[in-house]
Amino acid sequence: MTKKQQGIAIPPPFPVIEEDDNSSKLLESIRERLQRTEQALQQSQLRLARTQKIAGIGSWEWNVQTGEIYWSDELFRIFGLNPSDHKQIKMEWLLGLVNPEDIPALKKVMLAAAKRGQPFNIVYRIISCPEGEITVNCHGEVECDEYGRTSFVSGTTLDITARTRAESEVQQLINYDTLTGLPNRSLLHDRLKLAIAHASRDHQLVGVLFLDLDRFKKINDSMGHPAGDLLLKTIAIRLAACIRESDTLARLGGDEFVAVLIGANTAEAISTVANKILMLISEPIYINSQEIYTSGSIGIAVYPMDGDDSYTLLKHADLAMYQAKELDRNNFQFFSSEMNVKVLERMILENSMRKALEREEFFLVYQPQVDARSGLISGMEALLRWQHPDLGLLAPDKFIHLAEETGFIVPIGEWVLHTACQQNRSWQQQGLPPVRVAVNLSAKQFGQYHLDEMVSATLMETGLEPKWLELEITESAIMKNAEQTAIILRKLKEMGISLAIDDFGTGYSSLAYLKLFPISRLKIDRSFVQDITTNPDDAAIAKTIISIAQTLKLSVIAEGVETRAQMELLSFNNCIEMQGYLFSRPVPAEQFVELLRDGLKY
Ligand code: C2E
Ligand code: MG
Ligand code: MG
């Protein structure tokens, strides 16, 4: 497009006039007028250009119908370009100068202006300037033709880089600590409030860790403030490495830092982070070629137990920090004492579990599985027990969960399988009536290694025939990694081992998988058996499980049978196999051998 003259009317074309005296005068005066008009026009353009330059405003015009684009000289300068280098401006070229992140929004407003006559005001970033990225504010107006179609879109573009930079500097000053660049107290409260709102919606915990460095004042006083500053910066970097990006790390001033943890949903998960922090900050720090050792004390408050607003949580974390300082250096304390007890118990348990296998503290008890028609023992379930040196006899609900979390379940599970197979084989060799032994497997045992190989090696080593081994798995364990589990289960089945679904009815309630996995037996969960004679719903569930098993040609066994009435109801409904206190509690091997020899008395 040609330059559109700004506000100046160009005189109409002149008629051709014969040159006589009069006419030459007329011509002369017209020439003068023309010259004056041209001068006025030039001056006006210059003035406009000067004004644009002073104001840092560029102007532009886009002829929507022809696609031609005009830019004022100042606009070229704003874009860091030389006006004389660019005669023809194309839309694609223009978009190439814009920060790619801002292009979609810019395209959208340009299109809306061209198609629907919508004026716009948009801020975007330009990447063509040699000095670096700049931010502009672009304002566009629309002119329509006599048919109401958009003919021109024109507007101004203003460089607002300095303004936005100043604004963000102010934001930085209001919300961030200048030394470390971390959020300050004010932003911490905002973030904590937000975390609480999310956690209350999703029923999750928020951990607030209040850290105070031990002996910071001493270091600051003896080595000087610049050294102290350097120490704080180093600590800030180390702390940031301990938390996730979605968490918040703030400095409250002095040597006080706060971390807000979201998604850490147990006392254990929160204490793991606290431990990591303590470990990292106690590593030596080198300042002015001097090795400095520091440590910290951490107080922890947890939403919702220890408060439901940011101020209370912070106050309680602060109080807990003082408790931590009193106890010992380099330690952490929860605000609520139950949390401390939980963490302590877990630490004791985890440490002792490491040694339990080699110290032979684990042992198995066996519970008979009974054919209620004949009263004979058809099988036994091996159940794990831990004779803890300090805590006494522990049932699996006290430690299996921790063993799964820490991965100890893998060696422990291997030991259980080996011991149960060896025991069963030994009883058979003693001439006792052969029965199958059921061993519980945890989901973790499927994921970590070649379970099928381990099982087949164990059978080889112990000499037990596969038909005397049954593996019990829960529905949730199967579904955790259904495809991989199916492959392993098929291999186990091919070996001749039978597979039972433990606690059936409590987990994944889709029956589709029953057809997909090579299962031999369903174990009706104890919770349905418990009230089977008094609660019609439980009775209906138990009956349904029995008929599912019949339809799919699976065996079925009821767990937790404690009374004769339960036994009779189950027998009446065609559940023949049972396990429970009515027949026998789980007993150590020495006692079980008597049951095998003499039969059950119930
Ligand atoms: P489970 O496999 O469902 O085992 C049955 C549990 O019910 C056993 O508890 C048993 O003692 C208990 N029980 C049996 N009959 C009755 C009864 O008539 N009334 C009542 N109230 N309870 C009865 P235990 O031995 O405490 O084991 C609990 C769970 O720990 C087991 O549930 C199993 O899931 C797990 N577990 C046990 N040993 C192992 C193991 O070696 N490896 C793995 N991964 N898990 C195991
Ligand atoms: Mg079981
Ligand atoms: Mg069970």
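Counting starts at 1 for both ligands and their atoms, following the listed order.
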inquiry  = Quick test of your reading of the structure: of I473, V561, T506, N440, whose heavy atom lies closest to atom 39 (C) of ligand 1?
reply    = N440
key: Residue selection (non-hydrogen contact nearest atom 13 (N) of ligand 1) among Q530, R526, M578   =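 Selected option, by shortest heavy-atom distance: R526.
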Does the side chain of [X] pick up a donor-acceptor pair with the side chain of [Y] at under 3.5 Å?
{"X": "T294", "Y": "D214", "value": "no"}
{"X": "H418", "Y": "E461", "value": "yes"}
{"X": "S442", "Y": "E404", "value": "yes"}
{"X": "K325", "Y": "Q333", "value": "no"}

ask   = What atoms of ligand 1 come within less than 4.0 Å of a heavy atom belonging to P586?
value = 11 (O)
message = D502 versus ligand 1: do any nitrogen or oxygen atoms come within less than 3.5 Å of each other?
response = yes
task = Look at the aromatic rings of F362 and F399 and report parallel, tilted or perpendicular, splitting at 30° and 60°.
result = tilted
May I ask you to identify the nearest protein heavy atom to [atom], giving residue, atom name and distance to one decimal place in Å?
{"atom": "atom 10 (C) of ligand 1", "answer": "L383 CD1, 3.8 Å"}
{"atom": "atom 37 (C) of ligand 1", "answer": "P396 CG, 3.5 Å"}
{"atom": "atom 19 (N) of ligand 1", "answer": "E562 OE2, 2.5 Å"}
{"atom": "atom 38 (N) of ligand 1", "answer": "L384 N, 3.2 Å"}
{"atom": "atom 16 (C) of ligand 1", "answer": "Y581 CE2, 3.2 Å"}

request  = Ignoring hydrogens, tell whether any protein atom lies closer than 4.0 Å to atom 4 (O) of ligand 1; use the non-hydrogen atoms only.
outcome  =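 Yes, there is a protein heavy atom closer to it than 4.0 Å.
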query = Hey, is atom 25 (O) of ligand 1 touched by any protein heavy atom at less than 4.0 Å?
reply =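 Protein heavy atom within 4.0 Å of atom 25 (O) of ligand 1: present.
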query = Do W415 and F408 make the cut of ring centroids closer than 6.0 angstrom?
reply = no
inquiry  = Counting neighbours of CZ on R244 that are heavy atoms of other residues, nucleotides or ligands and sit closer than 6.0 Å, is the number greater than 12?
reply    = no
message = Please identify which of these residues, E470, E472, Q369, meets the side-chain hydrogen bond (donor to acceptor under 3.5 Å, both in side chains) condition with R521.
response = E470
query = Please state the angle at the Mg ion (ligand 3) spanned by OD1 of D502 and OE2 of E559: what is it, rounded to 10 degrees?
reply = 90°
query = Has D503 got an N/O/S atom less than 2.8 Å from the Mg ion (ligand 3)?
reply = yes
